[in-house]
S.K.: 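What follows is a single structure, and I will ask about it in a moment.
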Amino acid sequence: MSETSPKLRAELEGIPTYKPGKPAAAGGPVAYKLSSNENPYPPLPGVMESVTAAASNFNRYPDMACAGLMNELSERFGVPLSHLATGTGSVGVAQQLIQATSGPGDEVIYAWRSFEAYPIITQISGARAVQVPLTPGDVHDLDAMADAITDRTRLIFVCNPNNPTGTVVRRAELERFLDRVPGDVLVVLDEAYREFIRDPEVPDGVELYRKRPNVCVLRTFSKAYGLAGLRVGFAIGHEPVAAALRKTAVPFGVSQLAQEAAIASLRAEDELMGRVGSLVCERKRVVDALRALGWTVPETQANFVWLRLGERTVAFAAACEEHGVVVRPFPGEGVRVTIGETEANDIFLKVAEGFR
Ligand code: PMP
């Protein structure tokens, strides 16, 4: 056998592999997964039926153009088909966006800490990741992000609400920021948790996209719509952007099961948004209880809460796990805990009580 190994790109050495939230502990008396911001409700029967029907045909490739889903999305959001692109989860679409805009010598700006995939997909492209620290209150520092723009900037991610802090940027500050971004720099509003927002001052990215050719909105069926396992995301952006996204898409990257489930979910939106409403009530209960216990909790508009635990982060996550709940530790920084089933949230609150 040859001693040499294939030549891989040297820069991959320094790039971490994306780490998913841990699965629920197997074998425990109770095992709840609050580590990946998933929807705790099981699939709706109608959505399940559409998936089952599509499953009888999986010897065939899916519709590569996602025509049925694109039509539904076009109608739902009042945007032309030429302004839409789908992908393998919104992380897939984010990767398509980077490929479409950025390569070696270019810069991609985003807040940090934010969604872990941003540094990975940016560095894989060969572009330079420019991370702008959150404010001490864990909010995007949009002034500093605008200051970070250079001639090399090609793409800016604004994660609203931000993962893992749940914090938001509001209309006036976002508009002011967008006014400062040159028209040839693409701003991606990552709204994976959009449906959980109740603060009326947070703008709908789709409104902003309508007014600005350099704004693109990223959405997913993984969270509020409960289809994390099926991998469907989409972008709404102006014609040149959406066309570029279709070029950088993985061919057949959205299965027919996923397409049918997404269509059925859009048609069952009222019921699904009722579930989101219940999770939002549960979020308020959890945040209020944590604050009553003396915790400082940033105002969250997503389906998770952020506890800044610093050095105690890993110990806290281990204590939760001992009680049958898996949460998401960011060692040295904090813990992100998804709002899940009431029983699971109660266990987390009990552990939080013991940690004060
Ligand atoms: N954006 C943000 C901010 C996220 O938190 C996530 C999921 N953790 C995603 C995008 C990607 O979700 P998906 O690929 O399932 O659509």
Side-chain angles (χ1 to χ4, degrees), residues 16-23 33-40 43 66 69 73 84-99 108 110-122 131 134 138-140 155-169 187-197 202 205 216-236 245 248-250 253-255 257-259 261-262 265-266 272 279 298 300-306 326-330 334-340:
T17 307
Y18 183 77
K19 280 201 201 72
K22 257 175 94 164
K33 184 179 176 206
L34 302 183
S35 55
S36 296
N37 302 338
E38 292 155 329
N39 192 318
C66 293
L69 175 56
L73 290 170
L84 282 166
T86 52
T88 316
S90 58
V91 73
V93 185
Q95 193 152 12
Q96 290 162 239
L97 277 160
I98 295 205
Q99 270 191 300
V108 175
Y110 51 85
W112 198 251
R113 176 164 281 281
S114 190
F115 180 34
E116 278 175 292
Y118 301 154
I120 297 173
I121 58 183
T122 299
Q131 303 190 338
L134 296 171
D138 285 325
V139 179
H140 276 63
L155 187 68
I156 305 174
F157 282 107
V158 176
C159 189
N160 202 26
N162 188 48
N163 174 8
T165 58
T167 50
V168 288
V169 290
V187 179
V188 179
L189 303 175
D190 183 345
E191 298 188 332
Y193 304 96
R194 165 76 213 161
E195 297 82 3
F196 297 94
I197 295 175
V202 181
C216 169
V217 180
L218 197 53
R219 297 274 180 100
T220 181
F221 282 93
S222 297
K223 311 295 177 181
Y225 292 87
L227 303 183
L230 287 173
R231 315 303 303 125
V232 205
F234 63 98
I236 301 176
L245 288 176
T248 52
V250 171
V254 184
S255 74
L257 279 65
Q259 294 181 38
S265 300
L266 285 169
L272 289 168
L279 290 168
T300 175
Q301 290 288 305
N303 65 339
F304 50 84
V305 293
W306 174 242
V326 185
V327 299
R328 183 64 183 274
F330 294 86
V335 167
R336 188 193 68 199
V337 185
T338 309
I339 302 297

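Along the sequence shown, residues carry numbers from 1. Remember, it's 1-based here, ligands and their atoms both numbered in the order they're listed.
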S.K.: Within the 4.0 Å heavy-atom shell around S222, which atoms of ligand 1 are there?
M.R.: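 Atoms satisfying the 4.0 Å criterion: 13 (P), 15 (O), 16 (O).
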
S.K.: Would you sort out whether K223 and N37 count as a side-chain contact (heavy atoms from CB on, under 4.5 Å), showing the intermediate values?
M.R.: CA-CA 7 Å; K223 311 295 177 181; N37 302 338; 3.8 Å; yes

S.K.: Are any side-chain N or O atoms of N39 and backbone N or O atoms of A224, one a donor and one an acceptor, separated by less than 3.5 Å?
M.R.: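 Present.
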
S.K.: Starting from atom 6 (C) of ligand 1, find the nearest protein heavy-atom neighbour and note its residue, name and distance.
M.R.: F115 CZ, 3.5 Å

S.K.: Taking distance alone, with N or O pairs closer than 3.5 Å, would you say R231 contacts ligand 1?
M.R.: yes

S.K.: Using a 4.0 Å cut-off to any heavy atom of Y193, which atoms of ligand 1 qualify?
M.R.: 3 (C), 4 (C), 5 (O), 7 (C), 8 (N)

S.K.: Hey, mind stepping through N162 and S114 against side-chain hydrogen bond (donor to acceptor under 3.5 Å, both in side chains) and telling me if it holds?
M.R.: CA-CA 6 Å; N162 188 48; S114 190; 2.6 Å; yes

S.K.: Counting each atom of ligand 1 from 1 as listed, which ones have a heavy atom of C159 under 4.0 Å away?
M.R.: 3 (C)

S.K.: When only distance counts, is T88 in polar contact with ligand 1, meaning an N/O pair under 3.5 Å?
M.R.: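 No, no N or O pair falls under 3.5 Å.
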
S.K.: Quick test: of every protein heavy atom, which one is nearest to atom 1 (N) of ligand 1, and how far off is it to 0.1 Å?
M.R.: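 Of every protein heavy atom, D190 OD2, 2.7 Å lies nearest to atom 1 (N) of ligand 1.
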
S.K.: Considering only heavy atoms from C-beta outward, does the side chain of P164 approach that of E116 to under 4.5 Å?
M.R.: no

S.K.: I'd like to know if the side chain of Q96 reaches the main chain of L245, judged simply by a donor and an acceptor atom lying under 3.5 Å from each other, with no hydrogens or angles considered.
M.R.: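 It does hold such a pair.
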
S.K.: Consider every N or O of N37 and every N or O of ligand 1, then say whether any pair is closer than 3.5 Å.
M.R.: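 By distance alone, the answer is no.
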
S.K.: Should the pair F221 and F234 be assigned to parallel (<30°), tilted (30 to 60°) or perpendicular (>60°) ring geometry?
M.R.: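 Judged by the thresholds at 30° and 60°, the geometry between F221 and F234 is tilted.
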
S.K.: Atoms of ligand 1 less than 4.0 Å from K223 heavy atoms?
M.R.: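 Those of ligand 1 that fall under 4.0 Å from K223 are 7 (C), 8 (N).
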
S.K.: Is the distance between the ring centroids of F115 and Y110 under 6.0 Å?
M.R.: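 Here the rings of Y110 and F115 have centres that are no less than 6.0 Å from each other.
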
S.K.: Fit a plane to each ring of Y118 and F157, take the angle between them on a 0 to 90° scale, and name the class: parallel (under 30°), tilted (30 to 60°) or perpendicular (over 60°).
M.R.: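 Y118 and F157: parallel rings.
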
S.K.: Identify, by atom number and element, the atoms of ligand 1 in contact range of G89, meaning under 4.0 Å from any of its heavy atoms.
M.R.: 14 (O), 16 (O)

S.K.: Does ligand 1 have a heavy atom under 4.0 Å from the side chain of V91, from its backbone, from both, or from neither?
M.R.: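 Under 4.0 Å from ligand 1, V91 contributes backbone and side-chain atoms.
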
S.K.: Please state which protein non-hydrogen atom is closest to atom 11 (C) of ligand 1 and give its distance, to 0.1 Å?
M.R.: S90 OG, 3.3 Å

